[in-house]
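Written below as structure tokens is the structure these notes are about.
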Amino acid sequence: MKIIRSIPEIKKELGRHRKRGRSVGLVPTMGYLHEGHLSLIRKARQDNDVVVVSIFVNPTQFGPNEDYREYPRDLRRDARLCKKAGADYIFYPAAKSMYPKGHSTFVCVEGLTKNLCGRFRPGHFRGVTTVVTKLFNIVSPDAAYFGQKDAQQSVVIKRMAEDLDMGIRIEVLPTVREKDGLAMSSRNSYLSSDGRKRAATIYRSLQLARDLIKLNDKDAPGIVREMRKMLVPVATKIDYVSIVDPLTLKDVRTITGEVLVAVAVWMGETRLIDNILTRY
Ligand code: PAF
């Protein structure tokens, strides 16, 4: 497995593979890998001849008061995990090569970025779609792999790939969870032991929603109220508890088909998101 930092070098290397007709799978990450990322790398390995994992803590998707500086980084550990999961390359660019002086082009997906995290993290998705477009242009993958945990991100990236005729298959894989149901996230490493215990309630609140929907409860605002009752005693702050259409991401009032139940809460200083897809 090779670690490549330079954009021209990774382009040249992958160009050689493509000339020989080999398929390329890309797993975009910000590093500090966990089992969720590894499941994406293993799937990319099954599907493709060449697997590239990008590791780049992307400054443009963090707000001014967010955790860009604190975001956990450990390339040595990540490289070991990538190799074991079957990656061929880590693309590990520097911020100044991704965003050289004078960079002034951004990619925005409208509409889908307004609700859920878009309401609380202005500019976040603009940063995500810009960096993912750059990674797609650099790597030119046949397929790219994302986790369902970032449900809104996946919907936005699928829309972007389709709207801009990128010709890249977007694969979204299930959320990988800890034993108590907490969705794996690099940010879980910020949690205190008490916060970590309290964080298990997030998934329990999603299970409650699923149970109510399966029991034919169609009243989305009522289900949200029940979920909030569970979350209020454990969360430091709730950004949102929402039941939305999984394609448009618009709030649903009466549940008649498949819905995305999505939550963003703070445990201490740590913002956690999670979701489930479920149907009436
Ligand atoms: O999901 C992430 O880790 C990031 O948002 C991504 C897709 C790698 C873009 O920086």
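Side chains are part of it too, since the values below use all heavy atoms of this structure and drop only hydrogens, waters and symmetry mates. Counting starts at 1 for both ligands and their atoms, in listed order.
Residues Glu171 and Asp47 meet the side-chain proximity criterion, which asks for heavy atoms closer than 4.5 Å. Considering only heavy atoms from C-beta on, Val50 stays 4.5 Å or farther from Asn48 through its side chain. Contact annotation: the side chain of Gln148 never approaches that of Pro174 to less than 4.5 Å [non-hydrogen atoms, C-beta and beyond].
Taking every non-hydrogen atom of Gln61 and a distance limit under 4.0 Å, the qualifying atoms of ligand 1 come out as 4 (C), 5 (O), 9 (C), 10 (O). Close contacts of ligand 1 with Thr29, meaning ligand atoms under 4.0 Å from a residue heavy atom, involve 8 (C). Of all atoms in ligand 1, listed by their number and element, those nearer than 4.0 Å to a heavy atom of Val131 are 9 (C), 10 (O). Residue-ligand proximity, Pro28 to ligand 1, at heavy-atom distances under 4.0 Å covers atoms 8 (C).
Nearest protein heavy-atom neighbour of atom 3 (O) of ligand 1: Met30 CG, 3.6 Å.
When atom types are taken as modelled, the side chain of Arg45 and the backbone of Asp49 share a donor-acceptor pair closer than 3.5 angstrom.
Between Glu66 and the choices Arg121, Gln61, His124, the side chain to side chain donor-acceptor pair (under 3.5 Å) rule is met once, by Arg121.
Closest heavy-atom approach to atom 5 (O) of ligand 1 among the candidates His124, Gln153, Lys134: Gln153.
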